[in-house]
Amino acid sequence: MSTYPGQPPAAKKTLIWIAIACFVIGVVLTGFFVWRIVVTAPRSPQPIESGVIHLKKDGLTIYASVPVPTPPCKAQDSSGADVPLKPPTGSETITINGDSWYVVARSVDPVPAGDYSISCTDDQTSATYAAGPGMSVGKFVLSIFGAIGSFLVFFILGGVLLTIGLVKNRRRNRPSGTFPMQPPPGAPGNYPPPPNTTFPAPPPYNPGPNPDRPQDR
């Protein structure tokens with residue numbers, strides 16, 4: 001592309017492309033964390049009244065409708081082998097559809113999905129027991145914060161960079177001067193005078209009579 005004297009340089013769009021990249025990254029990360037929210041969202045556990053539950057994901061967690069002092073439950077896999085259980089390290093409660101469930105035990109190892117037989121013997125409380133796959137409330141909360149943070153950070157950053165880039169491009173595209181450019185030497189109408197050229201002296205200044213002055217009347 002040809003350029004001419006006085007023409008502004010081509011506007012650089014680096015900031016605009018970076019802003020677009022920020023928008024794309026923000027969309028991808030936000031979508032990823034939304035998917036994690038769906039995956040890690042707490043779900044209602046299955047009642048163990050029948051004694052057999054089916055886990056669709058890894059891990060086994062046993063819940064009670066009220067706090068219980070010790071986990072009075074046992075679990076076996078489909079082959080009849082005992083599944084080692086352990087109590088939670090602290091008090092953990094989930095509330096789903098207005099119902100609160102208290103974690104009373106978890107499998108020591110992340111057992112695979114499948115059918116498991118669970119029995120709970122509790123003569124001290126009137127608790128109702130249920131079970132479900134392993135879930136972490138912390139991962140669910142982190143996924144929510146990740147989705148919100150990715151959206152805000154990358155979309156705000158992209159909007160700021162896009163605004164700065166558009167303003168700079170608009171300033172670069174403005175004309176740099178308002179005075180006409182002089183033609184370069186040798187252009188038509190701008191030939192230098194021949195060497196050793198002399199010009200006649202200007203005539204003496206003679207203002208002539210002025211009728212407003214008394215001496216010229």
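In the hydrophobic clustering of this structure, I37 groups with L152; members are Ile, Leu, Val, Met, Phe, Trp, Tyr whose side-chain heavy atoms approach within less than 4.5 Å, directly or through other members. Placement of L15 and V153 in two distinct hydrophobic clusters is found when ILVMFWY residues are connected by side-chain heavy-atom separations under 4.5 Å, directly or transitively.
With sequence neighbours left out, F33 forms a ring-ring contact (aromatic ring centres under 6.0 Å, His included) with no residue at all.
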Open item on the list: Set out, in order, the CA-CA distance, both residues' side-chain angles and the distance that settles side-chain contact (heavy atoms from CB on, under 4.5 Å) for F151 and L29, then state yes or no.
Closed with: CA-CA 8 Å; F151 180 83; L29 287 179; over 6 Å; no
TODO: Check step by step if ring-ring contact (aromatic ring centres under 6.0 Å, His included) holds for F155 and F23.
DONE: CA-CA 6 Å; F155 276 81; F23 291 141; 5.7 Å; yes
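For the pair I118/Y129, no side-chain contact is recorded, criterion being any heavy-atom separation below 4.5 Å from C-beta on. Contact annotation: the side chain of R106 approaches that of P88 to within less than 4.5 Å [non-hydrogen atoms, C-beta and beyond]. Within the 4.5 Å cutoff, side-chain heavy atoms of I16 are placed close to those of L162. In this structure, the side chains of L85 and V104 stay at 4.5 Å or more apart for every pair of heavy atoms. L60 places a side-chain heavy atom less than 4.5 Å from the side chain of I53.
Across R36 and S143, no two heavy atoms sit closer than the pair CB-OG, 3.3 Å. Nearest heavy atom pair, residue G132 against residue L55, reads C-CD2, 3.5 Å. Between P67 and T125 the shortest heavy-atom distance is O-CG2, 4.5 Å. Of all heavy-atom pairs between S79 and D77, the closest is OG-OD1, 2.8 Å. Closest of all the heavy-atom pairs between V83 and S107 is CG1-CB, 4.0 Å.
Once rounded to the nearest 0.5 Å, the distance linking CD1 of I156 with SG of C22 reads 11.5 Å.
Ring geometry for W101 versus Y63: interplanar angle over 60°, hence perpendicular rather than tilted (30 to 60°).
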